[in-house]
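A quick write-up on the structure given underneath.
What you see is a predicted model; the values in this text were computed from it and never measured. Throughout, a chain's letter reflects where its sequence line sits, starting with A, and its residues are numbered from 1.
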Amino acid sequence: MLQLEGISRTFGDRLVLEDVGFTVERGKLTGFVGGNGAGKTTTMRIVLGVLTPDSGTITLDGRPLGDQQRRGFGYMPEERGLYPKMPLLEQIAYLARLHGYEKRPATERARELLEKLGLGERLTDPVDDLSLGNQQRAQIAAALVHDPEVLILDEPFSGLDPMAVDVVLGVLSEHAARGVPVLFSSHQLDVVERLCDDVVVIAGGKIRASGEKEALRQRYAEPRYEITSAGDMGWLRTEPGVSVVEFDGGYALFDAEEATAQRVLRAALDAGPVHAFSPVRPRLAEIFRDIVRDEERHDDEPAAARTKETVR
Amino acid sequence: MSTTTPARPARPAPPSSVQSTLMVAEREILSQIRSKSFLISTAVLLLLVLGGIILSSVLGDRFGGDTKVAVVPETAAVIADVDGLEAVDATDADAARALVESEEVSAAVLPDADADNPLGVVVVGLDSAPGGVLDALAITPPVELLDESGSSEGLRYLVSLAFGLAFMMSALTFGGTIAQNTVQEKQSRIVEILLSTVPPRALLGGKILGNTVLAVGQTAAIAAVAVIGLVVTGQDAVLSLIGAPVAWFVLFFLIGFVLLAALFASAASLVSRVEDTGPVLTPVMMLVMIPYFAVVFFNDNALVLTIMSYVPFSAPVGMPVRLFLGEAAWWEPILSLVVLAVTAVAVTAVGARIYSRSVLRTGRRVKLSEALTTAA
């Protein structure tokens with residue numbers, strides 16, 4: 001388990017991270033969500049040891065993280081980078097060698113991984129000649145070639161077509177299943193929603209929410225229900241304690257207390273057959289918007305007292 | 001580390017800093033010698049050197065005319081049938097020596113009473129063994145020099161120019177390569193992956209090592225072509241004069257280049273795009289060019305040369321020139337080399353600091369003061 005505690009970092013006089021803390025469990029895909037400039041990349045760079053924090057600690061399975069251990073991590077930076085003129089296989093093998101593999105096993109690992117990622121035909125091509133999507137796959141190979149102890153991926157899915165997303169997801173899940181903590185950032189919230197087990201939300205350099213995705217959805221769920229019936233649901237609008245959000249013939253989306261909702265269901269059953277009735281959990285995108293909007297409101301009140309963080 | 005995940009095969013231990021440095025250097029060298037532009041430019045350079053030597057030999061023969069040699073009646077027969085030598089009759093040995101000193105003739109051939117000399121003649125030159133005369137004579141007679149203090153103005157200028165030019169060209173070429181590779185790694189962002197894998201010192205060290213090997217290799221190739229060219233065209237007399245200074249030059253070049261490489265890499269790490277390298281590299285370029293111009297303009301000024309031979313940035317040019325001129329005591333190159341090495345170590349340490357602090361900062365140019373003071 002990778003754990004961050006009280007991480008703060010300034011660039012010049014700008015506070016970029018403030019008391020950031022969360023955990024990345026072994027065997028789980030953890031999504032790291034936040035707007036542009038929220039501090040995702042800085043946090044990841046600090047985990048990788050590429051940047052040093054001003055304060056705070058990072059531990060792996062309870063032990064402080066050292067440089068030697070970090071070198072076993074796999075990292076995919078947000079800004080894609082490989083040597084543009086160097087042949088693909090050689091390049092990935094070179095990175096494996098920097099991680100300590102001998103030349104021959106390094107080349108074998110690189111070849112195997114690139115073939116798995118669907119780049120078997122392009123092994124001798126320079127990276128420059130690959131399409132953007134294929135460069136992305138090559139980048140993922142660069143992060144995975146040494147069988148990393150921990151995987152940190154900054155926007156691994158941006159620019160991938162749905163098929164490629166599935167291929168990459170398969171490889172990532174494979175690593176997670178072997179007990180590797182996997183942290184990846186994304187601003188495509190629907191992708192995070194679909195793929196990860198845990199979610200960490202960051203905004204303005206602070207962690208706003210973190211935990212299991214379902215728990216989070218439940219926590220932020222408003223008491224909202226959805227019902228589909230064979231009869232007309234028009235009567236719902238006059239029902240006390242119910243506010244209808246959306247209505248279309250036999251379909252209604254409404255906010256109500258639990259007990260009221262049960263009463264509505266019974267009434268609907270009396271009126272005709274009910275095809276579906278369920279509580280509605282908010283989608284991640286909605287939670288994210290709510291969290292960030294809440295924060296902005298809070299931030300504005302004591303604005304005079306503190307310097308406002310500039311979010312690029 | 002592997003105790004936490006016993007099910008997975010053990011990963012090899014991360015390589016040591018030295019191993020990482022060597023791997024980075026290997027990549028640096030391989031990618032360079034595989035690039036067509038490097039191979040072509042090296043080939044062109046070698047051809048130019050060879051061409052220059054052959055040309056100077058051909059032109060020397062054609063326009064130089066016959067070498068004038070003073071002879072006394074006893075020795076007139078020695079060169080009478082020799083091509084390329086023109087006899088100037090002198091009445092006696094003293095008159096012949098006077099002709100040599102007034103530089104009316106290149107050398108004098110005089111009788112030698114020494115019983116150990118089977119030829120019975122001696123060649124008298126002014127300040128250097130008269131190569132043309134010695135070559136023209138089938139058997140080399142002993143040489144007697146009237147003025148052993150220094151070399152001729154022309155040769156002095158040429159050798160100074162050669163050392164200055166060789167140093168500047170090589171330093172600019174390979175320093176430029178280091179700078180360009182540094183910025184490219186920063187621009188293509190692969191540096192983030194590399195730095196999460198190897199320590200910044202290993203990355204910088206490998207770059208310096210790789211390019212130093214290339215620079216010294218190329219310089220050695222040029223030296224080899226020059227030596228072969230001189231021998232083949234029969235100008236090997238020059239070799240005996242510049243041999244030792246050239247050996248010192250290579251030694252100074254090796255350490256001096258490490259110094260410059262660290263400067264080039266750390267200066268380049270301050271900017272994020274290849275297009276922006278100009279302003280940050282200008283001061284470093286100046287440092288490389290100053291010794292060249294200084295040695296060209298002041299090669300007859302002993303004070304300037306002495307200062308040059310101790311200032312680390314110009315020592316690789318200044319000290320070999322002084323050695324060639326015979327102006328330096330035996331301990332001077334050693335002292336200067338120590339000064340240079342200490343400076344190189346210090347500058348590399350500061351360079352590594354600048355490099356590791358600025359290589360991840362993208363966007364606007366990093367200020368030098370920021371790179372030196374702020375945390376990574």
Side-chain angles (χ1 to χ4, degrees), chain A residues 1 9-12 26 41 44-45 47-54 60-63 66-87 90-91 94-103 105-106 127 139 142-143 146-149 152 154 178-180, chain B residues 1-17 19-24 26-28 30-32 34-37 181 184-200 202-203 206 272 356-357 359-364 366-367 370 373-376:
Chain A
M1 181 175 80
R9 166 79 205 206
T10 51
F11 282 132
R26 286 194 176 275
T41 300
M44 290 182 153
R45 284 177 169 179
V47 172
L48 262 306
V50 165
L51 283 176
T52 50
D54 296 338
L60 183 62
D61 300 319
R63 275 168 296 172
D67 279 349
Q68 271 320 79
Q69 254 174 320
R70 279 193 168 106
R71 293 177 63 182
F73 284 22
Y75 178 40
M76 174 169 173
E78 178 186 21
E79 312 255 6
R80 307 299 172 230
L82 289 170
Y83 289 110
K85 303 269 181 263
M86 201 168 170
E90 201 177 304
Q91 182 145 215
Y94 170 65
L95 291 172
R97 286 179 64 204
L98 287 181
H99 279 287
Y101 286 96
E102 293 294 317
K103 196 163 192 167
V127 174
Q139 203 72 52
H146 56 288
D147 204 0
E149 182 76 9
I152 310 286
D154 208 348
R178 273 190 252 158
V180 173
Chain B
M1 198 157 57
S2 56
T3 50
T4 52
T5 52
R8 293 164 54 219
R11 227 193 351 267
S16 68
S17 283
Q19 285 171 313
S20 309
T21 306
L22 289 178
M23 278 189 270
V24 173
E26 180 193 319
R27 198 207 76 85
E28 205 70 25
L30 281 181
S31 70
Q32 194 67 264
R34 273 193 213 150
S35 90
K36 281 203 186 77
S37 60
N181 288 356
Q184 257 174 6
E185 275 177 8
K186 199 174 168 182
Q187 192 169 11
S188 77
R189 310 300 171 102
I190 190 172
V191 74
E192 281 192 36
I193 298 178
L194 294 175
L195 284 185
S196 69
T197 313
V198 297
L203 197 54
S272 305
S356 53
R357 273 146 209 241
V359 76
L360 285 172
R361 305 267 298 270
T362 53
R364 113 199 122 73
V366 182
K367 286 200 196 99
E370 276 180 294
T373 53
T374 58

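- Contact detail for S196(B) and I193(B): the closest heavy-atom pair is OG-O, 2.8 Å.
- Looking at F11(A), there are no atoms closer than 4.5 Å to chain B (heavy atoms on both sides), in backbone or side chain.
- Contacts of Q139(A) with chain B are made by side-chain atoms alone, with heavy-atom separations under 4.5 Å and no backbone atom involved.
- Heavy atoms closer than 4.5 Å to chain A are found nowhere in S31(B), neither backbone nor side chain.
- In this structure, Q187(B) has no side chain to side chain donor-acceptor pair (under 3.5 Å) partners at least two apart in sequence or on a different chain.
- The closest donor-acceptor contact from the side chain of R26(A) to the backbone of V180(A) lies at 3.5 Å or more, if one exists at all.
- Contacts of Y94(A) classified as side chain to side chain donor-acceptor pair (under 3.5 Å), with partners at least two apart in sequence or in another chain: none.
- Interface remark: E185(B) contributes side-chain atoms only to the contact with chain A (heavy atom separation under 4.5 Å).
- Options V198(B), L195(B), L30(B), V191(B) differ in how many heavy-atom pairs under 4.5 Å they form with chain A, and the most are formed by V198(B).
- Closest heavy-atom contact between P15(B) and R71(A): O-NH2, 3.4 Å.
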